[in-house]
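Chain letters run A, B, ... following the sequence lines, proteins first and then strands; every chain starts at 1. Heavy atoms only: backbone and side chains are in, while hydrogens, waters and symmetry mates are out.
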There are 2 protein chains.
Amino acid sequence: MADRRAGAAHSGETLLFLTDEQLRQGIEAMFFAYRGFTADPDRILSDMAYGRAHHRAVHFINRAPGTTVNNLLNILGVTKQSLNRVLRTLIEDGLVESRVGKVDKRERHLFLTPDGEALEQKLSDAQRARMRMAFREAGPEAVAGFRTVLEAMMDREMRYAYTRLKDSGL
Amino acid sequence: MADRRAGAAHSGETLLFLTDEQLRQGIEAMFFAYRGFTADPDRILSDMAYGRAHHRAVHFINRAPGTTVNNLLNILGVTKQSLNRVLRTLIEDGLVESRVGKVDKRERHLFLTPDGEALEQKLSDAQRARMRMAFREAGPEAVAGFRTVLEAMMDREMRYAYTRLKDSGL
DNA sequence: CTTGGAATGTCAACAACACTGACATAAGCT
DNA sequence: AGCTTATGTCAGTGTTGTTGACATTCCAAG
């Protein structure tokens with residue numbers, strides 16, 4: 001049973017047997033790694049009144065300044081009530097600015113204030129430091145594979161959002 | 001700024017520049033991929049009165065039958081109160097059996113009942129199906145890289161738990 | 001044998017983050 | 001004018017996590 005072949009794939013000269021065991025290792029690796037991935041920002045945020053949701057909002061506003069609430073909603077994949085709670089506190093605390101749209105006045109365009117940028121930097125630095133260590137330790141070929149597999153694991157809409165962000169950022 | 005070199009690594013003929021931009025792409029890939037990773041089991045669980053925490057408990061009990069509560073606590077990285085709430089409902093619902101230890105009667109050894117195994121199968125099948133698709137699509141070399149990077153991203157204790165599970169399962 | 005500590009379980013309170021449903025407002029579109 | 005879209009808000013609920021306090025059981029060391 002431990003050696004049941006659940007699938008196989010060809011690639012050049014190598015044969016990969018996708019046994020349940022190998023898939024399970026991938027699943028567990030994903031679980032443990034994600035904990036590490038969020039650990040550093042979580043530590044920083046726990047000192048403030050903020051959580052992971054604030055981090056995500058700040059990250060993507062920094063990534064795409066002037067983004068609308070609706071756009072952010074699609075990227076984050078949460079309800080507007082959930083996002084709004086987070087945005088409200090960030091705006092109240094002067095980390096995010098919400099400007100009424102010029103062409104469409106219903107829309108709110110979101111920007112980080114200097115304070116918001118400072119927080120984003122602090123959080124990103126911590127998360128990037130770990131990512132950098134992992135990338136260095138693993139090497140460039142592993143990094144390429146890492147990204148290939150992650151992309152293949154995304155839902156279609158997520159992959160679209162991801163590549164759109166990726167290409168805009170270049 | 002977009003091309004600031006935050007680090008570089010050699011590997012054969014390839015040069016990888018760890019720019020902030022590349023690291024950010026890795027971060028976003030991780031974020032979006034994890035959503036896909038948990039999406040299928042979450043859908044199944046939302047119909048029941050269970051959540052992701054139940055999935056994790058059931059997964060690791062299945063992975064290491066007879067594990068103690070304390071051991072599970074270390075793997076999952078939550079408080080005993082949090083785990084206990086989850087375990088209690090699973091035991092009440094007849095999915096998990098808790099047996100008093102023979103050598104140390106303070107310890108409780110956890111096992112899945114047939115019903116518990118059925119749920120585990122259902123959840124694992126969904127999650128493995130996605131992992132299998134991603135692995136197939138990405139190819140064996142990418143899979144190796146994927147795992148290498150994930151391992152490098154774990155905290156030390158998590159890496160230990162991961163390799164222990166990995167080696168025991170072979 | 002007594003005492004200390006470890007493993008476990010339980011109760012209560014609370015916070016973060018998600019959800020649904022309902023409703024309000026303003027603005028754009030036909 | 002009427003429908004739709006974008007946003008915000010209120011109220012309620014659920015899952016998952018936290019702390020703190022306390023009880024029980026049992027091993028092990030003095």
Side-chain angles (χ1 to χ4, degrees), chain A residues 31 34-35 38-39 41-61 66-93 96-110 123, chain B residues 31 34-35 38-39 41-61 66-93 96-110 123:
Chain A
F31 169 67
Y34 196 77
R35 284 250 295 280
T38 56
D42 280 358
R43 249 189 301 277
I44 294 172
L45 288 159
S46 69
D47 296 338
M48 322 175 172
Y50 294 147
R52 212 175 280 178
H54 299 83
H55 180 196
R56 292 197 284 255
V58 164
H59 173 95
F60 285 110
I61 293 172
T67 185
T68 64
V69 173
N70 226 6
N71 184 29
L72 202 52
L73 235 36
N74 291 329
I75 289 174
L76 296 176
V78 296
T79 58
K80 62 174 180 175
Q81 294 91 329
S82 203
L83 175 59
N84 199 257
R85 186 178 354 126
V86 167
L87 280 181
R88 200 168 39 210
T89 64
L90 288 171
I91 291 169
E92 278 170 7
D93 296 351
V96 167
E97 194 192 344
S98 166
R99 296 184 205 152
V100 173
K102 283 179 181 167
V103 298
D104 187 336
K105 290 176 188 168
R106 292 170 304 177
E107 295 181 338
R108 304 300 147 94
H109 298 277
L110 303 168
L123 295 172
Chain B
F31 169 67
Y34 196 77
R35 283 251 295 281
T38 56
D42 280 359
R43 248 189 301 276
I44 295 171
L45 288 160
S46 69
D47 295 337
M48 321 177 175
Y50 294 147
R52 215 176 278 179
H54 298 83
H55 180 195
R56 292 196 283 256
V58 163
H59 173 95
F60 286 109
I61 294 172
T67 185
T68 63
V69 173
N70 223 13
N71 184 31
L72 203 52
L73 236 38
N74 290 328
I75 289 175
L76 296 176
V78 296
T79 57
K80 61 176 177 172
Q81 293 90 331
S82 201
L83 175 60
N84 198 257
R85 191 180 346 150
V86 168
L87 281 180
R88 199 187 324 149
T89 64
L90 288 171
I91 291 168
E92 279 170 6
D93 296 351
V96 167
E97 194 191 345
S98 167
R99 296 185 205 153
V100 174
K102 283 180 181 167
V103 297
D104 186 337
K105 290 177 190 169
R106 291 168 304 178
E107 294 181 339
R108 305 299 146 96
H109 298 276
L110 302 168
L123 296 172

| said: In the structure I gave you, are the side-chain heavy atoms of Asn70(B) and Glu107(B) within less than 4.5 Å of one another anywhere? | reply: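 Side chain of Asn70(B) against side chain of Glu107(B), heavy atoms only: no contact under 4.5 Å found.
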| Val103(A) near the nucleic acid: base, sugar-phosphate alone, or nothing, with a heavy-atom cut-off under 4.0 Å? |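 The answer is sugar-phosphate, as Val103(A) gets under 4.0 Å only of primed atoms, P, OP1 or OP2.
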Roughly, in whole Å, what's the span from [atom1] in [X] to [atom2] in [N]?
X	N	atom1	atom2	value
Asp42(B)	dT15(D)	CG	C1'	11 Å
Leu83(B)	dT19(D)	CG	C1'	17 Å
Arg43(A)	dT18(D)	CZ	C1'	16 Å
His55(B)	dT15(D)	NE2	P	17 Å

| task | Nearest-nucleotide wise, let me know which of Arg85(A) and Asp104(B) is further upstream toward the 5' end of DNA chain C. | result | Asp104(B)
| request: With DNA chain C as reference, determine whether Lys105(A) or Met48(A) sits nearer its 5' end, using the nearest nucleotide of each. | output: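 Between the two, 5'-proximity favours Met48(A).
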For [X] against [Y], the heavy-atom pair lying closest together:
X	Y	result
Ile61(B)	Leu110(B)	CG2-O, 3.7 Å
Arg99(B)	Glu97(B)	NE-OE2, 3.3 Å
Arg108(A)	Ser98(A)	CB-OG, 3.5 Å
Ala49(B)	His54(B)	O-CE1, 4.3 Å

| Is there a donor-acceptor pair closer than 3.5 Å between any side-chain N or O of Arg52(A) and the backbone N or O of Leu45(A)? |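 Checked: no pair found.
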Using a cutoff of under 3.5 Å, can you pull out all pairs of nitrogen or oxygen atoms linking the protein to nucleotides 7-11 of chain D, with atom names and distances?
{"from": "dT7(D)", "atom 1": "OP1", "to": "Val69(A)", "atom 2": "N", "distance (Å)": "3.4"}
{"from": "dT7(D)", "atom 1": "OP2", "to": "Asn70(A)", "atom 2": "N", "distance (Å)": "2.7"}
{"from": "dT7(D)", "atom 1": "O4", "to": "Lys80(A)", "atom 2": "NZ", "distance (Å)": "3.0"}
{"from": "dG8(D)", "atom 1": "OP2", "to": "Asn84(A)", "atom 2": "ND2", "distance (Å)": "3.3"}
{"from": "dG8(D)", "atom 1": "N7", "to": "Lys80(A)", "atom 2": "NZ", "distance (Å)": "3.3"}
{"from": "dG8(D)", "atom 1": "O6", "to": "Lys80(A)", "atom 2": "NZ", "distance (Å)": "2.1"}
{"from": "dT9(D)", "atom 1": "OP2", "to": "Asn84(A)", "atom 2": "OD1", "distance (Å)": "3.0"}

| task | Classify the ring geometry between Phe31(B) and Phe60(A) as parallel (under 30°), tilted (30 to 60°) or perpendicular (over 60°). | result | tilted
| First and last nucleotide of DNA chain C in contact with chain B, 5' to 3', at under 4.0 Å to a heavy atom: what are they? | dG5(C) to dC11(C)
| field | Counterpart residues, salt bridge (charged side-chain N to carboxylate O under 4.0 Å, His left out), relative to Arg85(A) (two or more places apart) | value | none
